[in-house]
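What you are looking at is a predicted structure, and each value in this text was computed from that prediction instead of being measured. Per chain, numbering begins at 1; letters A, B, ... match sequence-line order.
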Amino acid sequence: MVRDSWCVGTMYRGYEQVLVGRAPSDVLVIVPRICGICSTAQLYAGVRALEDAYDIQPAPNGVRVRNLCLMAEAVMNDARQTFVMFCPDFCHAAYRSHPLYDKTVTAFEPPIKGYFARQAVLRSKGMLGIITAFAGQWPHATYMAPGGVTCEVTAEKLAKCEAAIDEYQSWYEAEVLGCTSDQWLGLHSAEQFLGWLEEHPDTGAGLYAGFGRSIGLQQLGRGSEYLLSCGCYPRPDSNGFLMPGGYLNGERVEPFDHHLVREHTRYSWFADYGPTHPWDSVTKAEHGQDRGQYSHAKATRYADHVVQLGPMVDLLAAGDPLIASWMRAEGPNAWLRQLTRLHRPVVVMQLMRQTIAELRAESSEPAMVWPPDVPDQAQGFGVVNAARGTLCHWICIRDGKISNYQVITPTTWNASPRDSDGRRGHWEESLVGLTVPDPDNPLHLGHIVRSHDPCLVCTTHMIRSGQRTNFIPF
Amino acid sequence: MLDPMPTFGSQRTTTPSRETGIPPTLLWIGCGSCSGESMAILGVDGQATDFLDLLEHDGIRLLWHPSLSLEPLAPIVYRVLNGTLPLTLLCVEGSIAMGPDGTGLFDTFDGKPKRDLVYELCAVADYVLALGTCASYGGIPAAPPNPTEAVGLQYSDGQPGGLLGEDWRSRKDLPVVNVAGCAADTDVMLLAMRWLLAGDPDPAQLDHFGRPTFVRPCLSGADRPKCGTAQWVGHSCYGCISQKFPLSRELLKWKEARKCASELLLT
């Protein structure tokens with residue numbers, strides 16, 4: 001039984017400090033490189049922070065191209081995370097006597113040997129083709145700028161994007177879902193889903209869902225009751241999001257307000273100035289142990305609450321009926337988090353088609369409005385939804401240079417250490433009380449953490465190195 | 001406990017090591033990285049090869065990879081270090097953090113500085129590849145004010161040195177092979193690995209910054225040998241294969257972007 005837990009971010013890279021003192025436009029080159037998995041999201045959050053600081057609205061077609069690329073990144077990530085990173089744990093020898101074991105090995109065997117793992121890698125390359133059509137390369141391209149996108153948007157590129165979606169959707173329907181997207185999206189309740197599962201046990205989604213429930217993932221990793229989503233995909237008119245977000249505080253849904261975000265560094269290897277809003281935060285590495293510091297991650301809190309976030313919350317906040325039904329039935333859990341990653345691509349591919357249709361209909365409009373000169377003094381906030389949840393950037397500009405830059409990634413929230421009041425972060429809390437039959441193979445612990453699609457890079461490398469030593473001292 | 005060493009791809013071995021007859025091995029270590037190369041090597045539409053090809057056609061035995069492996073790293077590392085598991089290719093991704101104050105504690109593995117682990121692994125590998133500009137030269141983390149005291153494997157701040165020092169050579173007598181790029185190109189990474197696996201790589205194939213001659217600027221091609229970034233996305237090249245990246249000057253020139261902005265109508 002896990003009695004207590006400490007989530008340790010084992011790495012500090014200093015990106016925020018590198019940005020200080022540089023020209024604001026350097027954000028566009030540097031921030032995508034924070035993360036090789038969600039570099040589109042990082043670029044998008046950075047450019048929105050600049051637009052907020054410059055007080056401009058981007059061209060609607062620019063927003064559409066950005067969204068199309070961000071959606072492609074999410075669809076790619078959902079497949080790779082599910083079939084290459086999460087499900088391979090089902091092939092562990094501890095499950096050898098499970099009746100579905102042979103099937104899971106055939107489907108998910110690591111490294112990328114299982115059928116679905118291979119398919120996920122190969123098919124998602126086509127999805128990334130949507131990004132490279134505009135950006136030239138992935139990851140780490142700079143094709144957005146305040147005002148829109150700087151790449152060309154041609155009918156030919158849009159045709160290529162549509163073909164990529166067609167191809168991906170055909171595979172997804174045939175092998176992952178075993179039914180059409182419309183039939184899948186007609187599953188509005190947990191009961192209807194279980195009916196579908198009975199008929200489709202051997203599809204990619206069916207194998208995940210069936211095996212996952214058989215080992216009790218739906219009872220694992222509840223964590224914080226406070227759920228946060230900023231909303232997904234800004235509307236082309238810059239008025240809200242295509243999939244609205246919110247702060248789910250028990251029964252109520254409140255609008256997300258970045259002013260309620262605080263960073264705590266009481267237990268982090270940074271100088272401790274008490275809880276501060278990111279515009280006022282100072283990231284000053286300080287490597288002592290004198291007050292019990294144990295992580296390179298900061299503890300982030302919203303409205304003074306420990307929150308959890310990710311696709312499950314994003315779809316719940318956007319009113320998705322299937323996810324809402326499961327939440328009512330079982331609450332937040334590892335199984336539902338991962339199921340959301342199989343469900344979301346179906347929803348998002350519809351939005352991608354809609355976005356392409358709008359770009360075609362508005363083809364006489366520009367994708368860029370030229371931004372004003374850089375203001376001498378300004379501050380800005382940019383938020384988008386990365387594949388693994390809400391991603392926020394804050395910028396302060398003084399004398400035309402960046403004077404402060406703060407990034408809070410989804411994993412920062414989920415993997416946060418204790419805060420100034422000593423409250424555990426969401427992962428830390430999720431693990432307390434967990435029964436671990438074999439401390440040498442804390443499989444359930446791995447399932448819980450991996451159900452959050454832990455960003456191995458934005459914040460921490462904790463799960464690999466620390467399962468038994470740093471992370472959970474039993 | 002599960003044997004931590006599954007023998008991947010052993011049936012398809014096509015290039016056994018000349019001396020031992022066993023498949024070549026690959027170990028991938030992530031340091032101060034964004035995982036960009038880990039992702040890039042899985043492939044992007046339009047590129048010729050990807051990691052699957054390496055595993056399946058070249059018969060490489062993957063010992064460990066940060067995103068693809070199920071087992072804990074530690075037991076594998078210890079077998080590599082004590083010599084019971086031969087290491088053909090060591091792939092290092094990300095900058096090496098020497099801070100704070102030279103302790104290396106900004107990036108740890110098992111509570112110890114990661115840079116010490118990398119240093120020891122380099123000593124037992126036939127060949128060492130620095131994948132990406134960070135592992136090669138320090139990259140963005142090493143940009144001023146270099147808060148993590150980041151260096152590349154054999155270069156820092158544009159000069160020979162880095163973690164291993166200028167004179168370091170691998171067991172097969174080659175300096176670190178710097179596959180520069182941000183992110184390093186998939187095809188070029190595979191090309192570099194295959195060049196080493198073919199045996200007897202000629203050091204003359206490396207330029208004075210340790211780059212194989214086939215490392216090319218981003219988005220370049222046969223018809224366009226220079227960096228294609230400006231033509232593609234409207235910004236100037238910011239020098240991602242350079243040993244000093246990012247430069248301390250302003251990174252983006254807007255001329256091309258301004259031009260594009262006036263022409264960005266659908267055609």
Side-chain angles (χ1 to χ4, degrees), chain A residues 10-15 17-18 23 25-26 28-30 33-37 84-85 88-89 92-93 110-113 118 121 125-126 128-129 132 135-143 145 150-155 285 287 363-364 366-368 370 440-441 456-457 461 464-465 467 469-470, chain B residues 1-2 8 30 32-40 42-46 50-52 55 62 65-70 72-73 97 100 103 105-111 140-141 143 145 147-148 182-183 218-219 228-229 232-235 238 246 250-252 257-258 260-261 264-267:
Chain A
T10 64
M11 192 204 291
Y12 168 67
R13 293 180 301 159
Y15 265 70
Q17 278 56 58
V18 166
S25 61
D26 286 5
L28 304 173
V29 174
I30 292 177
R33 292 168 163 95
I34 291 173
C35 181
I37 305 165
V84 183
M85 293 165 198
D89 277 343
H92 197 283
I112 33 179
K113 284 184 80 179
R118 282 180 52 86
V121 169
K125 286 166 75 165
L128 290 173
T132 55
Q137 69 177 69
W138 183 89
H140 302 342
T142 297
Y143 54 105
T150 54
C151 53
E152 277 187 289
V153 185
T154 62
H287 223 90
S363 64
S364 58
M368 176 90 183
W370 195 249
D440 282 334
N441 277 316
L456 296 174
V457 297
H461 270 201
R464 307 288 175 173
S465 62
Q467 260 182 352
T469 51
N470 299 339
Chain B
M1 190 174 164
L2 178 68
F8 303 123
S33 79
C34 66
S35 289
E37 279 73 30
S38 281
M39 290 299 114
L42 294 181
V44 180
D45 187 48
D50 61 42
F51 206 45
L52 282 170
L55 297 179
L62 179 64
H65 180 284
S67 304
L68 304 176
S69 296
L70 197 60
L73 171 61
T103 60
L105 291 173
F106 276 146
D107 183 13
T108 58
F109 172 72
D110 222 2
I140 286 180
T148 56
C182 192
C218 302
L219 305 175
T229 304
W232 201 293
V233 300
H235 292 314
Y238 24 85
E250 198 165 334
L251 292 169
L252 291 177
R258 195 181 286 272
C260 283
L264 280 178
L265 303 177
L266 292 189
T267 50

Chemist: First locate atom CZ of B:Phe51, then atom CD1 of A:Ile112, and finally report the distance between them rounded to the nearest 0.5 Å.
Modeler: 6.5 Å
Chemist: Pick whichever of A:Leu128, A:Thr132, A:Val29 has the most heavy-atom pairs under 4.5 Å with chain B.
Modeler: A:Val29
Chemist: Can you tell me how far apart CZ (A:Arg118) and CG (B:Leu55) are? Round to the nearest 0.5 Å.
Modeler: 9.5 Å
Chemist: Hey, are the side chains of B:Leu42 and A:Val121 touching, using non-hydrogen atoms and a 4.5 Å cut-off?
Modeler: yes
Chemist: Within the distance-only criterion (no hydrogens, no angle test), does the side chain of A:Asp26 pair as donor or acceptor with the backbone N or O of B:Glu250 below 3.5 angstrom?
Modeler: no
Chemist: Can you tell which part of B:Ile140 gets under 4.5 Å to a heavy atom of chain A, answering side chain, backbone, both or neither?
Modeler: both
Chemist: Just verifying a value: how many Å separate A:Thr10 OG1 and B:Phe106 CZ, rounded to the nearest 0.5 Å?
Modeler: 13.0 Å
Chemist: Can you name the closest pair of heavy atoms from A:Gln137 and B:Cys218 and give their distance?
Modeler: OE1-SG, 3.5 Å
Chemist: Kindly compute the distance separating CG (B:Asp107) from CE (A:Met11), expressed to the nearest 0.5 Å.
Modeler: 4.0 Å
Chemist: Ignoring hydrogens, what is the shortest heavy-atom contact between B:Val44 and A:Trp138? Give both atom names and the distance.
Modeler: CG2-O, 3.5 Å
Chemist: If you tally heavy-atom pairs under 4.5 Å against chain B, which of A:Gly129, A:Gly126, A:Ala135, A:Ala285 wins?
Modeler: A:Ala135
Chemist: For side-chain contact (heavy atoms from CB on, under 4.5 Å), just list the numbers for A:His287 and B:Thr103, CA-CA rounded to whole Å, side-chain angles, deciding distance to a tenth of an Å, and then say yes or no.
Modeler: CA-CA 10 Å; A:His287 223 90; B:Thr103 60; 5.8 Å; no
Chemist: Is B:Pro100 in contact with chain A via its backbone, its side chain, both, or neither, using a 4.5 Å heavy-atom distance?
Modeler: side chain
Chemist: Taking side chain as C-beta onward, heavy atoms only, is B:Met39 less than 4.5 Å from A:Ile37?
Modeler: yes
Chemist: Is the side chain of A:Arg13 donor-acceptor paired with the backbone N or O of B:Thr148 at a distance under 3.5 Å, no angle test?
Modeler: no
Chemist: Which one, A:Ala141, A:Gly14, A:Ala23, A:Gly136, leads in non-hydrogen pairs under 4.5 Å with chain B?
Modeler: A:Gly136
Chemist: Of the backbone (N, CA, C, O) and the side chain (C-beta and beyond), which part of A:His140 lies under 4.5 Å from a heavy atom of chain B, both, or neither?
Modeler: both
Chemist: Listed by chain and number, what are the side-chain hydrogen bond (donor to acceptor under 3.5 Å, both in side chains) partners of B:Ser38, not counting sequence neighbours?
Modeler: B:Trp28, B:His65, B:Glu93
Chemist: Taking the side chain as every heavy atom from C-beta outward, state whether B:Cys34 and A:Arg33 have any atom pair closer than 4.5 Å.
Modeler: no
Chemist: Is the backbone of B:Val233 close enough, under 3.5 Å, to the side chain of A:Thr150 for a donor and an acceptor to pair up by distance?
Modeler: yes
Chemist: Is there a side-chain contact between A:Tyr12 and B:Pro147 in this structure, where contact means two heavy atoms from C-beta onward sitting under 4.5 Å apart?
Modeler: yes
Chemist: Between B:Thr229 and A:Thr142, is any pair of side-chain heavy atoms under 4.5 Å apart?
Modeler: no
Chemist: Looking only at heavy atoms, which two atoms of A:Ser25 and B:Leu252 are closest? And how far apart?
Modeler: O-CD1, 3.6 Å
